[in-house]
Amino acid sequence: MWKRLLVVSAVSAAMSSMAMAAPLTVGFSQVGSESGWRAAETSVAKEEAAKRGITLKIADGQQKQENQIKAIRSYISQRVDYIVFSPIVEDGWETVLQEAKEADIPVIVMDRNVSCDPSLYTAWVGSDFTEEGRNAARWLEEDLKGKKFDQKETVHIVVLRGTSNASATLGRTKGFAEIAKTHPNWEILDSDDADFTTAKGREVMEKYLQKYKDIDVVVSQNDDMTFGAIEAIRAAGKTTGTGGDITLISFDGTRSALEKVKSGVINVDIECNPLQGTYIQEIINRLGDGEPVDKINYVEEKVYTQKNVLSVLGDRVY
Ligand code: AHR
């Protein structure tokens, strides 16, 4: 009898808590769809929300900060439960984030950073872009060991930068430069913005190839620009990668680029992990349960070369 009563009351408690818990609505302001990496980040966010029955509203900022600000304002007026956004640039968010705070809507910043009062957002999830830049330079240090360049001949380097003032661009540039300046024979010939797109990567690389006869290393701050650079380099009659004319360092680690690491066309790919939606859902769960969350959350990232790329290619979903 007691047992039956307990079961009945447990079931009815569960049912009434289900009836009380309205499904959450999350407003997500995405940067745009400039890269394969970005597409992966968006689809992971969708999958995670679907798994948990969350209504996810997504606004594509089309690489414009004003579109992102408009989207955040619209989420505030719709009274969503959480706002998640991936900021195109670091500056200029204070006013809109203050508005979200006044409306009592928690904001989770994703992927890139914002440079404003940290009390204006609840948590941040993303990459250590400076460490990614250092990882690229550390790999190059190792790769040059024992080669003709080692401490003697000049290493001529060109950089394809991402979007101007984006954290991914600033951090990767800073991290690489920190180590590069400790090598007097590393010469950075040029460093130009190519907006994280294939078309721009090709265009800037074509310009570099016309301007500089001797390029030893290309540091391309994402895979999409790397694909454009490869096209330009091939059109100029040169080769890249293992045993090629030009050493190619890329960032992101998307499946199609890792295939090129495997075949030796790209020497190294510094991973930027787009599976941030999973971390964000965990944060939302904790906040919903009234538990504390860490303010800063770094995602895990690795470095891929021909030596270890096979270990990841089989399961790579993006
Ligand atoms: O902010 C992350 C960067 O943005 C990725 O490296 C790039 O592919 C994307 O567009």
Side-chain angles (χ1 to χ4, degrees), residues 28-45 58 60-65 67-68 84-91 93 108-115 124-136 159-176 191-202 204-205 218-230 248-258 260-261 266 268-277 279-280 296-304 316-318:
F28 174 24
S29 161
Q30 179 58 292
V31 170
S33 44
E34 74 283 3
S35 62
W37 185 95
R38 186 67 57 198
E41 191 198 42
T42 306
S43 69
V44 172
I58 305 184
D60 179 341
Q62 297 180 331
Q63 298 259 68
K64 291 200 174 74
Q65 184 175 33
N67 292 343
Q68 289 202 275
V84 174
F85 88 114
S86 182
I88 178 156
V89 290
E90 295 195 349
D91 299 330
W93 303 101
I108 303 172
V109 184
M110 177 184 198
D111 165 30
R112 302 180 185 168
N113 312 76
V114 285
S115 60
W124 171 87
V125 176
S127 305
D128 186 339
F129 296 115
T130 307
E131 190 59 15
E132 289 178 359
R134 289 188 197 112
N135 280 339
V159 183
L160 297 171
R161 293 160 50 100
T163 303
S164 176
N165 286 326
S167 311
T169 305
L170 299 170
R172 289 168 188 167
T173 305
K174 178 172 176 260
F176 188 84
S191 179
D192 249 6
D193 294 338
D195 222 10
F196 288 128
T197 67
T198 299
K200 272 288 207 176
R202 187 191 311 114
V204 175
M205 192 65 224
V218 175
V219 179
S220 166
Q221 290 180 350
N222 90 338
D223 287 341
D224 296 76
M225 295 188 295
T226 304
F227 301 146
I230 292 170
L248 200 41
I249 299 177
S250 192
F251 289 81
D252 280 358
T254 54
R255 188 178 179 84
S256 39
L258 293 183
K260 293 194 189 312
V261 171
I266 296 174
V268 63
D269 209 331
I270 315 298
E271 185 176 41
C272 180
N273 182 350
L275 308 182
Q276 297 155 357
Y279 292 67
I280 286 181
I296 303 294
N297 303 272
Y298 287 110
V299 292
E300 265 182 51
E301 303 186 322
K302 298 202 169 83
V303 171
Y304 294 109
R316 203 66 162 181
V317 287
Y318 55 89

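Whatever order the structure lists ligands and atoms in, that order sets their numbers, starting from 1. The first residue of the sequence shown is numbered 1, and numbering continues consecutively from there.
A donor-acceptor pair under 3.5 Å is absent between the side-chain atoms of Asp252 and the main chain of Asp269, judged by distance alone. Here the side chain of Asp223 pairs no donor or acceptor atom with the backbone of Ser250 at under 3.5 angstrom.
Of the protein's non-hydrogen atoms, the one nearest atom 2 (C) of ligand 1 is Asp111 OD1, 3.3 Å. With hydrogens left out, the protein atom closest to atom 5 (C) of ligand 1 is Asp252 OD1, 3.3 Å, a heavy atom.
Using modelled atom types and a 3.5 Å distance limit, the side chains of Ser167 and Glu90 yield a donor-acceptor pair.
Under a 4.0 Å N-O distance rule, the pair Glu132/Arg172 qualifies as a salt bridge.
When the options Met110, Glu34, Arg112 are ranked by their closest heavy atom to atom 10 (O) of ligand 1, first place goes to Glu34.
For ligand 1, the atoms lying closer than 4.0 Å to a non-hydrogen atom of Arg38 are 1 (O), 2 (C), 4 (O), 9 (C), 10 (O). Counting the atoms of ligand 1 from 1 in the order shown, those under 4.0 Å from a heavy atom of Ser35 are 7 (C), 8 (O), 9 (C), 10 (O). Interface atoms of ligand 1 facing Arg172, defined by a heavy-atom separation under 4.0 Å, are 6 (O).
Ligand 1 lies out of reach of Glu132, whose nearest heavy atom is not under 4.0 Å from it.
In terms of polar-atom proximity, defined here as any N/O pair under 3.5 Å, Trp37 makes no such contact with ligand 1.
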Query - From CA spacing to verdict: salt bridge (Lys or Arg N to Asp or Glu O under 4.0 Å), Arg38, Asp111 - result: CA-CA 10 Å; Arg38 186 67 57 198; Asp111 165 30; 2.9 Å; yes
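Under the 6.0 Å cut-off for aromatic ring centres, Trp37 and Phe196 do not qualify, their centroids lying 6.0 Å or more apart.
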